[in-house]
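Note sheet for the following structure.
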Number of protein chains: 2
Amino acid sequence: MAMSPILLYNGSIEQNFHESGEYVVTIKDIAQMAGVSFTTVSKALNGEPGVREETRNKILAIASKLNYVPNLAARRLVDRKSDSIGLIWPNKSGLFLYHLFEQFQIQAEKAGYSVMVALGNPTASVRTFMKHFVDTIVVWPSSENTSPEFIQAREAFQGTLLMFNSSPSPYYHTISIDRQEAIQQAVDHLAGLGHRKISFIGYNSEKITGFDRATQLLELEEHPDRLIFTPKNAAESWNRVADMLRKPKSQRPTALIVDSYIAMFKLLKLCKTYSLRIPEDFSLIAYDDVPELEEITDIAVTTVGPSVEHLASAALDILFELRQGHPAEVGHRHVKVASQLTVRGTTRPVSDYAL
Amino acid sequence: MAMSPILLYNGSIEQNFHESGEYVVTIKDIAQMAGVSFTTVSKALNGEPGVREETRNKILAIASKLNYVPNLAARRLVDRKSDSIGLIWPNKSGLFLYHLFEQFQIQAEKAGYSVMVALGNPTASVRTFMKHFVDTIVVWPSSENTSPEFIQAREAFQGTLLMFNSSPSPYYHTISIDRQEAIQQAVDHLAGLGHRKISFIGYNSEKITGFDRATQLLELEEHPDRLIFTPKNAAESWNRVADMLRKPKSQRPTALIVDSYIAMFKLLKLCKTYSLRIPEDFSLIAYDDVPELEEITDIAVTTVGPSVEHLASAALDILFELRQGHPAEVGHRHVKVASQLTVRGTTRPVSDYAL
DNA sequence: CTGAAAGCGCTTACAG
DNA sequence: CTGAAAGCGCTTACAG
């Protein structure tokens, strides 16, 4: 008969094997070896008061000798806290989200949270997080967010929910980006360089509103290509951009603002087609600030948009507050994050574009 | 007195409140509503045989209506399984990893696993996953992997460990990429187009070996720029690339192979500086296949490298096997994934580069 | 200071 | 096909 590994521990403690065949030490084993009840072991291990110093030390010594690892499943079954945050990353969200989440995790880890990300279908992600005791879920929006399944899943979730890029809601905390102001900033900067004939290429309504406002405020020039509306999945709308690029210099705008870095790449391709160059032929500002863009493009693009640092810390500030205060008395927060203009190489004074 | 939310469900099921004050549904609730024992509910929910179809359907309907989410801690306490996979994503891993993990999660979800990703420090990530009862961890390597902390953490982890991009190991399952063969494929393709003077720009030793082999096998031309070694963090090594680009056409290679898409962007920038164009002045093959590159670059680049689909399914195949077989009798697997050449627009017959 | 007992939500023999 | 009971490892009132 094979000897039980237990005998190594010089006592007749219970046997307890992991599926992998490894022996697993529990508080009962420790209790038996220490000659106390497992209640006392639990207290000693958790630093609860009411255990004699001598007893505690003895227990601690045995625990460490046996390489005791607490079974978190058991602990979790009793007290449901995990201090962890789940981030929902919908498919096809691209580089910006990667940087935001990376930044979020760095900041959250410093604050003692553990962070996990779920890719793919947001509804499934919520379920996964619930299963794994995540107590805060942070959502980056996607079209899925308005589906009944998603709504049902988020309602079933009992923890804290925070939604990026969302208008205020009675159901969860929200963070929005001041896109309007971002585009106004961009126009301001261009106007400061003397530009009077500026085009906006994009489709987001907030950004368009910002563009309209700034145009009026600064009394910029009206021209047929002032606004080129390029809705998603409407490739043909880019023909208008092409038309604009083909016009003689005197009829073209001197500066362009694009909606996103995706749009920027499309624009750059078109420019190449028509042998136009940036910033030699146009000044350009792109919304979205993705750090490695500089690595990828051969020009350093002036950008405007929220910084990932600000977005991440805005979200975490809300969570900190909640952690401290009594959740019940804190309503659902809403924070609007400002944008930042980062001037790089693609914005030049209008005099550079003189005929 | 406030009405308990329970009353909505038309039964006097037990009350069970989360610390946040919200109600949590358990199998007991479902049992009471269905008028069966919770043992039966457990069986029905887990697809065990021995439950009448009608009963099962009733239970399933109630469960979904109540938004039941199984308590993993409880389940885990009994059978130490969670059918979930944690992916370790070290900082600064870039686009390729994003696509790989996205693909992995799509395939894993189909097979009934739930997948979570941890960003940042790999050691902390292992701990996070342990805390959350992940039973399989998949690691994308980083320099951290050889640190004592990481090794200790992965040894403490009781589940299945799989390491991408690694040579065989007695401690975990491994998947490697046949980089040597990848570069050989690239050279073969170029040679097939008649190229005899090819440069490799990069630093990975396997890839360099592949290049050397192919060069010998095909008896390609020796020339001073055959291999331009550009180690990471050695910006000055790119001067040699610049030197090569400045040479007169007769002295330059006709085709280039780069190590990674990062290197490709550097090359493209340099080409622009010297008014050289791809593929007009050079054929080009880049290692790494990142789908949105086509969107970003203005040229469709011919690439070689493992497809994310293959890498993901290779990893999952190992996990499937383990799930089915008896873990004890299955050793640690090693799989080598082949590469794929995707011919796009940057490889042309050598005659196009005739003087 | 210490311990017996109840219970967290679930699975799994086992008995009907 | 269904259910009563034991038990996974732990924490937490509660009683001594």
Side-chain angles (χ1 to χ4, degrees), chain A residues 13-20 22-60 63 66-82 130-133 158, chain B residues 13-19 22-60 63 66-83 130-131 133 135 158:
Chain A
I13 51 184
E14 288 165 39
Q15 296 191 11
N16 184 6
F17 291 90
H18 189 259
E19 92 176 274
S20 68
E22 300 204 44
Y23 181 77
V24 176
V25 179
T26 73
I27 53 172
K28 289 184 183 169
D29 301 326
I30 299 173
Q32 207 157 128
M33 287 192 59
V36 296
S37 76
F38 65 83
T39 305
T40 302
V41 173
S42 173
K43 282 179 194 148
L45 257 24
N46 290 312
E48 302 282 321
V51 181
R52 194 149 42 101
E53 204 50 31
E54 199 192 321
T55 316
R56 183 188 304 276
N57 289 146
K58 187 174 176 189
I59 289 169
L60 256 33
L66 296 195
N67 258 316
Y68 171 73
V69 179
N71 182 320
L72 283 170
R75 176 176 291 171
R76 193 60 59 65
L77 195 53
V78 180
D79 66 345
R80 315 157 175 274
K81 279 249 74 178
S82 70
M130 287 173 72
K131 251 174 64 175
H132 289 268
F133 307 106
Q158 302 116 11
Chain B
I13 52 185
E14 286 165 40
Q15 296 192 11
N16 181 5
F17 291 91
H18 189 256
E19 93 177 272
E22 301 215 33
Y23 183 77
V24 175
V25 179
T26 74
I27 53 171
K28 290 185 184 170
D29 301 326
I30 298 173
Q32 208 157 126
M33 286 191 61
V36 295
S37 74
F38 65 85
T39 306
T40 302
V41 173
S42 172
K43 282 178 195 148
L45 257 24
N46 290 311
E48 302 282 320
V51 181
R52 196 152 39 104
E53 204 48 32
E54 198 192 322
T55 316
R56 183 188 305 277
N57 289 146
K58 187 175 178 188
I59 289 170
L60 258 32
L66 297 194
N67 252 316
Y68 170 74
V69 178
N71 183 319
L72 243 203
R75 174 177 293 172
R76 182 82 190 183
L77 196 52
V78 180
D79 70 342
R80 308 152 179 281
K81 292 243 71 180
S82 69
D83 266 350
M130 287 174 71
K131 235 175 82 175
F133 313 115
D135 43 31
Q158 312 245 349

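Chain naming here is simple, since letters A, B, ... match the order of the sequence lines and numbering starts at 1 in each.
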Distance below 4.0 Å between B:N71 side-chain N/O and C:dC8 OP1 or OP2: no
Grab the NZ-C1' distance between A:K131 and C:dG9 for me, whole Å please. 15 Å
Separation of C:dC8 C1' from B:F133 CZ (nearest whole Å): 13 Å
Distance, rounded to the nearest Å, where B:L45 contributes CG and D:dG3 contributes P: 15 Å
Using a 4.5 Å cut-off on heavy atoms from C-beta on, say whether the side chain of B:R52 contacts that of B:V36. no
Which nucleotide, if any, forms a Watson-Crick or G-U wobble pair with D:dA13, using both distances under 3.5 Å? none
Residue mapping more 5' on DNA chain C - nearest nucleotide basis, A:T55 or A:F38: A:T55
Among C:dG3, D:dA5, C:dG9, the nucleotide that comes nearest once only the side chain of B:T39 is considered: D:dA5
Value in whole Å for how far the P atom of D:dG9 lies from NZ of A:K43: 21 Å
Rounded to whole angstrom units, what separation is found between the CZ atom of B:R75 and the C1' atom of C:dT12? 13 Å
Looking only at side-chain atoms of A:S42, point me to the closest of C:dT11, C:dC1, D:dT11. D:dT11
Would you say A:D29's side chain and A:T26's backbone share a donor-acceptor pair under 3.5 angstrom? yes
Side chains of B:S42 and B:T39 only: does a donor on one sit below 3.5 Å from an acceptor on the other? no
Considering Watson-Crick and G-U wobble pairs with both distances under 3.5 Å, what does C:dA4 pair with? none
How many Å lie between CD on A:E48 and P on C:dC1, as a whole number? 13 Å
With respect to the side chain of B:I27, which nucleotide from C:dT11, D:dG9, D:dT12 is positioned closest? C:dT11
Out of D:dC10, C:dC8, D:dT11, whichever nucleotide has its closest atom nearest the side chain of A:L77: C:dC8
Heavy-atom donor-acceptor pair, A:R56 side chain to A:E48 backbone, under 3.5 Å: yes
Out of D:dC8, D:dG3, D:dG9, which nucleotide sits closest to the side chain of B:V78? D:dC8
DNA chain D nearest-nucleotide lookup for B:A74 and B:R52: closer to the 5′ end is B:R52
Check whether any side-chain heavy atom of A:L66 lies under 4.5 Å from a side-chain heavy atom of A:M33, and answer yes or no. yes
Quickly work out the A:I59 CD1 to D:dT11 P distance and round it to whole Å. 13 Å
Separation of A:K28 atom NZ from D:dG7 atom C1', in whole Å? 8 Å
Nucleotide nearest B:T26 when distance is taken to its side chain, options D:dA4, C:dC10, D:dT11: C:dC10
